[in-house]
Amino acid sequence: MKQKKSYPNVISSVIVFLIIVVLLFSFYLYQAYVFKQKTVQSFTSDIKKITEYTKWGYDTHVFEQLYDNLVHDLKATSFVLFPFKKDYFQKKHDNILLLVQAGYATDITKQKELIQSQLSYLRDRVKTNDILSPVKKQKYSDAFEIIAGTIFEENSDLVGIKKALTSLDTTDKEITKEVESTKKEALLNELQTYRASCQELLNYFTEKKNESGQAIADGCVSAADKLMGQGYVKNGAEFLAALSRERVFTALQKANQAKQDLIQAEQYALSAKQKEEERLTLVPPAPRQEGKLIVVNLSLQRLYAYENGKTVFSLAVPITTGKQGFETVTGEFAIYLKEQQHKMVSPFPGIYYDDVVNYWMPFYLGYGLHDAPWRSIYGTQDYPVVGSHGCVNMPLKDTIVLYNWAEVGTRVIVL
């Protein structure tokens, strides 16, 4: 016959089991709570691993926001369920830190590449620049090498790299400013040279009394003065150079061309004068006749002497004949007297000379051939104004030759 179980014993066992379960669950809750709190503290502390990058020059604002959201979600999660989500939070935590590290490394690489590119650009700019002096080029090259050594040979952070980039930008602006300043200085010196050339041309045209040339040169001087004045000198070198080419150099070229044209015109006039003088010195063939003959050409203001068809003077003798109102007679005549130290008497009523000539050879009334001590220039075409009272004035040396050669009765043709 079976023995019946005791209900009190069963109840006791159930009670003990329940107590153990409660104790185990309580222990679980305690451990879960403690574990969550430690994780929250750890995550909160790890934010420093992100903010530390800020000191190195990296912008961690986005990552800090992600991390704040992670900590917020962690705190909002029940500690009862936390042990089951711990891996999720830990993985997200680790991913954010890895993203910060990768982003920082990528930014470092990009910034270094940017520095390398900027250094290459600046090195080439300095090397190929013809305006910078050798001393300045060396100064900039040394500065570039120091920056390159600091960035690429040392473990520089983003702060150092950004400082280096700022330094390179400053150097680039300094080079630009120095090049601009040097260009402007050279341009102003060039303008001074242009102005001096324009002033010389202005003086030249003033001396020549050439009004058109004066206007061009004066405009050139004024334009140069204006560009070198305070109103324009503050502008950039390129702008000033363009205005200099347009307003000053172009005017200088025009003034130089005007000078060349004037010189050429003078040379043409001189050449024409020389040709005329050469023509006047030629002695034409003698008229077909025997004996001695004197020919006076009024239009050319020249005298010729022939003997049996041969010339007495190798060159035509320049003379000065009667001026307007006292014109020399024309026609065929003959010397009817030869006299030395002759006191002049005018054939025109009321006009007398007080001068004495050395050699006197009259050929018609009071018209004669003689030297003129009071005259220094002969053979010019202004004789209608400065000419004689009708006689044929000759240089003394030619008068002596003619006086000694000619005879009373020598034919004289005035035409």
Side-chain angles (χ1 to χ4, degrees), residues 114-148 162-266:
L114 184 59
I115 283 187
Q116 185 63 55
S117 174
Q118 188 75 346
L119 279 171
S120 298
Y121 157 72
L122 289 174
R123 282 168 177 157
D124 289 341
R125 184 182 182 191
V126 169
K127 182 178 179 180
T128 58
N129 195 295
D130 296 330
I131 296 176
L132 294 175
S133 67
V135 174
K136 290 290 186 181
K137 286 186 176 184
Q138 189 61 49
K139 168 194 167 184
Y140 290 127
S141 297
D142 292 343
F144 298 153
E145 293 309 314
I146 291 173
I147 291 175
K162 289 178 179 179
K163 284 182 179 179
L165 278 172
T166 301
S167 177
L168 290 178
D169 289 339
T170 301
T171 302
D172 190 17
K173 292 176 182 177
E174 183 181 336
I175 293 172
T176 300
K177 185 177 180 179
E178 187 162 350
V179 169
E180 176 74 10
S181 176
T182 305
K183 279 183 177 179
K184 187 176 289 187
E185 183 179 355
L187 177 61
L188 291 176
N189 290 335
E190 189 176 9
L191 275 172
Q192 286 281 10
T193 303
Y194 287 164
R195 189 197 183 286
S197 298
C198 292
Q199 185 62 55
E200 288 180 5
L201 288 167
L202 178 58
N203 296 340
Y204 171 81
F205 288 123
T206 301
E207 182 181 349
K208 295 292 183 179
K209 297 181 179 179
N210 185 282
E211 294 183 358
S212 60
Q214 282 181 264
I216 297 173
D218 186 57
C220 180
V221 171
S222 298
D225 286 339
K226 184 177 289 186
L227 290 182
M228 290 186 290
Q230 291 299 320
Y232 283 89
V233 78
K234 295 179 182 179
N235 291 285
E238 293 298 328
F239 177 73
L240 283 176
L243 289 182
S244 176
R245 287 191 297 270
E246 177 186 345
R247 300 181 183 181
V248 181
F249 185 65
T250 301
L252 178 58
Q253 284 184 315
K254 289 181 179 178
N256 275 321
Q257 186 59 53
K259 179 180 179 181
Q260 292 302 316
D261 292 342
L262 186 58
I263 290 174
Q264 190 175 45
E266 289 179 343

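Values in this document were obtained by computation on a predicted structure and should not be read as measured data.
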Side chains of Asp261 and Gln257: any donor to acceptor distance under 3.5 Å?
yes

Where do Gln199 and Tyr194 land on the side-chain hydrogen bond (donor to acceptor under 3.5 Å, both in side chains) test, with the steps shown first?
CA-CA 9 Å; Gln199 185 62 55; Tyr194 287 164; over 6 Å; no

Residue pair Asn203 / Glu207, side-chain donor-acceptor N/O under 3.5 Å
no

Examine distances only and state if a side-chain atom of Lys136 and a backbone atom of Ile131 form a donor-acceptor pair shorter than 3.5 Å.
no

Answer yes or no: is there a side-chain heavy-atom contact under 4.5 Å between Glu180 and Glu238?
no

Can a donor-acceptor pair be found, under 3.5 Å and without considering hydrogens, that links the side chain of Ser167 to the backbone of Lys163?
no

With a 4.5 Å heavy-atom cut-off, do Phe144 and Leu122 have their side chains touching?
yes

Please check this pair: side chain of Ser197 against backbone of Thr193, looking for a donor-acceptor N/O pair closer than 3.5 Å.
yes

Run the salt bridge (charged side-chain N to carboxylate O under 4.0 Å, His left out) test against Lys139 and tell me which residues pass, sequence neighbours left out.
Glu174

Run the numbers on Asp172 and Leu168 for side-chain contact (heavy atoms from CB on, under 4.5 Å), then give the verdict.
CA-CA 6 Å; Asp172 190 17; Leu168 290 178; over 6 Å; no

Identified side chain to side chain donor-acceptor pair (under 3.5 Å) counterpart of Tyr140 within the set Arg123, Arg125, Glu178
Glu178

List the residues meeting salt bridge (charged side-chain N to carboxylate O under 4.0 Å, His left out) with Arg247, not counting sequence neighbours, and say none if there are none.
none

Asn256 side chain to Leu252 backbone, donor-acceptor under 3.5 Å
yes

Should Gln214 and Asn210 be marked as a side-chain hydrogen bond (donor to acceptor under 3.5 Å, both in side chains) after you check the CA-CA gap, both sets of side-chain angles, and the distance that decides it?
CA-CA 6 Å; Gln214 282 181 264; Asn210 185 282; over 6 Å; no

Lys208 and Lys259, any side-chain heavy atoms less than 4.5 Å apart
no

